[in-house]
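Contents: one structure, followed by commentary.
Counting convention: from 1, in listed order, for ligands and their atoms alike.
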Amino acid sequence: MSESFYITTPIYYVNDRPHIGHLYTTTVADAIARHRRQAGLDVFFLTGTDEHATKVADAASERELTPIQWADYNAEIFLSTFGRYGITNDDFIRTTEARHKEKVQHWVGQLLETGDVYLGEYEGWYDAGEEEYVPDGRAEELEFKSPISGRELIRKKEKNYFFKLSAYESTLLALLEKEPQRVQPDARRNEVIGRIRDGLNDVPLSRTGTGGWGIEMPGDPEHRIYVWIDALFNYLSTVDTDERRHYWPASVHLIAKDILWFHAVIWPALLLALQRIEGNEWIAVPRQLYAHSFWIHEGRKMSKTLGNFIDLERLEDIVSTYGLDALRFYLLSQGPLSVNDADFAAGRFHDLYQAELANKLGNLVSRTLHMNAKFADGCVPEPGAAGEPEAQLVAAAETACQAVETQMADYQVGRALDAALELAAATNRYLDEREPWKAAKDPEREATVPTTLYHCCEALRLVAHLLLPFLPATAAEIFSRLGLDGAARPADPTAFGGLPAGLPTRKGDALFPRVERAEAE
Ligand code: ME8
């Protein structure tokens, strides 16, 4: 059986509709999932919605709806949006589904029995928007304001069930210090280590006064399981079936830095607590957590108050002007995967579309296939003897294939995408050097034309192969124009020379049509 690979995105709150941030994380996960599938791995890719938050119930009540009505409405929009944007998730979990709720109650029940969850009282600084307590020291650092919404933290006292997080301090610390790949990028791991060293308090695991919205605490329905604990369990509940249990532990949880603490500290601690229970030995800690940074917009943080969110309407406009793959290209190549935030700027989007997609890739496809029609009867020609320029092109292809693999091993989708496009650039240079349009008219060089065109077609096949996880529709179109629709794909798709001669090629329209800058703005 092939090696399995399990990748997740956060599950998103359904108080509102999806925006660019949700689409971003999900698109990065999609590119990684597609890449691993292409390599033959048994992939499971999960996304979904987090529904039991107080802000979901509040948003529903503002509209005179029940929480579940509003959750149903928005969950459907998340689901259909991801479908519309070509996301290849294997399941979509909603935390209001019975399959999830039953498992969460079961696991919390087990933790009550071991004493990892206990009834106690808590007083602390509470960030209402994020539904989380902020430790005293950190609240002071933040001047008692939410780092996300900027609103004042509230002093709050609750009788609650607690999770004994403090008991896992040294185990967590050892895990992060000995296995640096567990939390990436490094700067994020160091941040987490620093905060664990400040000491871990036990954390509330339940809450009261939710108006009945939330999963009931086993044996104490007055208390509802805290939305964050409920939400984290989605990664496990979805695969806790006989067919799927082999996917656990997750290969990577992809998130943004806003929810690092829950994922890097509370989640592994919950799993460590569960794993000690007989029968739960399979519940290991996920292999990796990758926390990216934020998209900002034209230099400013995106927020409701500023009204500058790149929302669904805006995303639709972009797709209708430039196409879905152009949006994926911008998100994946320019996104905030590192520790720095990334700016979504319309002008830069346009310029990159023009330079990278239209001029580099689109132009290569168009030149190659037009010349193939003109000088090779619209078929992949039989190559003759190869010379130094061909050897250089083959070397460029090998370099690109290796670079994509190396970058993707670390989930560096932007650098992988650059490496794939570098092969398109190298092929353009090769064409410029070989000048088949002139060679065809020169009796001394005429014989090189089929060789040149074969090498271009084959390089193009490799470019499409490398681009498939990132620009799936573009890659499929290139394959189709190369006559590969029904044809058998080469056994080793990255070996140069796999494209059979004789396949019928097709010119087609411009892959990335010209867009006027004004139209874009
Ligand atoms: O936090 N740039 O849900 P959420 C990049 N339900 N990514 C962004 C972003 C931005 N400006 N804004 C949001 C929750 N995201 C919880 C998660 S998981 C068990 C529970 C993305 O709807 C990013 O992935 O607020 C971030 O972590 C997530 O949306 C937060 O989504």
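- Ranking protein heavy atoms by distance to atom 10 (C) of ligand 1, first place goes to Phe294 CD2, 3.6 Å.
- Heavy atoms of Leu254 found under 4.0 angstrom from ligand 1: none, in either backbone or side chain.
- Listed by number with element, the atoms of ligand 1 under 4.0 Å from a non-hydrogen atom of His19 are 12 (N), 13 (C).
- Of the protein's non-hydrogen atoms, Tyr13 CD1, 3.4 Å is the one closest to atom 3 (O) of ligand 1.
- The shortest separation from a heavy atom of His292 to ligand 1 is under 4.0 Å, placing the residue in contact.
- Considering backbone and side-chain N/O atoms, Asn234 never comes within less than 3.5 Å of an N/O atom of ligand 1.
- Ligand 1 lies out of reach of Glu130, whose nearest heavy atom is not under 4.0 Å from it.
- By the 6.0 Å contact criterion, OH on Tyr73 is open, its count of non-hydrogen atoms from other residues, nucleotides or ligands being 12 or less.
- Proximity of Ala53 to ligand 1, defined as any heavy-atom pair under 4.0 Å, is not found for any part of the residue.
- Using a 4.0 Å cut-off to heavy atoms of Thr25, the atoms of ligand 1 that qualify are 21 (C), 23 (C), 24 (O).
- Considering backbone and side-chain atoms alike, Ile259 places every N or O at 3.5 Å or more from each N or O of ligand 1.
- Taking the six-membered ring for Trp and the full ring otherwise, the centers of Phe78 and His22 sit less than 6.0 Å from each other.
- Remark: ligand 1 atoms within the under-4.0 Å shell around heavy atoms of Asp50 are 6 (N), 16 (C), 20 (C).
- Of all protein heavy atoms, the one closest to atom 9 (C) of ligand 1 is Gly21 CA, 3.5 Å.
- Closest to atom 28 (C) of ligand 1 among all protein heavy atoms lies Tyr12 CE2, 4.0 Å.
- At a threshold of 4.5 Å between non-hydrogen side-chain atoms, the residues Thr81 and Leu315 do not count as touching.
- The nearest heavy-atom contact from the protein to atom 29 (O) of ligand 1 is His22 CD2, 3.4 Å.
- Atoms of ligand 1 lying under 4.0 Å from any heavy atom of Tyr235, numbered from 1 in the order shown and given with element: 18 (S), 19 (C).
- Shown in contact with Ala231 at under 4.0 Å from a heavy atom are these atoms of ligand 1, numbered in order with element: 19 (C).
- For the pair Pro336 and ligand 1, the shortest N or O to N or O distance does not fall below 3.5 Å.
- Taking a 4.0 Å cut-off on heavy atoms, Ser293 registers as neighbouring ligand 1.
- Residue contacts with ligand 1: Trp267 is excluded, as none of its non-hydrogen atoms falls under 4.0 Å.
- For the pair Leu327 and Phe349, the minimum side-chain heavy-atom distance is below 4.5 Å.
- You'll find the ring centres of Tyr161 and His223 inside the 6.0 Å limit.
- The proximity of Phe262 to ligand 1, defined as any non-hydrogen pair under 4.0 Å, does not occur for either the backbone or the side chain.
- Considering Asn234, Thr95, Asp230 in turn, Asp230 is the only one that fulfils the side-chain hydrogen bond (donor to acceptor under 3.5 Å, both in side chains) rule with His100.
- Considering backbone and side-chain atoms alike, Trp228 places every N or O at 3.5 Å or more from each N or O of ligand 1.
- For the pair Phe262/Glu132, a side-chain contact is recorded, criterion being any heavy-atom separation below 4.5 Å from C-beta on.
- One side chain, Asp202 or Tyr118, offers a donor N or O that lies under 3.5 Å from an acceptor on the other.
- Taking 4.5 Å as the limit, every side-chain heavy atom of Ile7 sits out of range of all side-chain heavy atoms of Leu46.
- For a threshold of 3.5 Å applied to N or O pairs, the pair formed by His263 and ligand 1 contains no separation below that value.
- If you check the side chains of His263 and Tyr235, you find a donor sitting under 3.5 Å from an acceptor.
- Side-chain contact check for Arg348 versus Tyr330: some heavy-atom pair is nearer than 4.5 Å.
- Put simply, the side chain of Met408 reaches to within 4.5 Å of the side chain of Ile32, judged on heavy atoms.
- Trp295 N, 2.9 Å is the protein heavy atom nearest to atom 2 (N) of ligand 1.
- Enclosure of atom CD in Glu123 by more than 12 non-hydrogen atoms of other residues, nucleotides or ligands within 6.0 angstrom is indicated.
- Below 3.5 Å of separation, one finds an N or O of Asp258 facing an N or O of ligand 1.
- Scanning the protein heavy atoms around atom 17 (C) of ligand 1, the nearest turns out to be Ile11 O, 3.2 Å.
- Between Phe5 and Phe44, the ring center distance fails the sub-6.0 Å criterion.
- Taking the side chain as every heavy atom from C-beta outward, Tyr85 and Leu331 never approach each other to under 4.5 Å.
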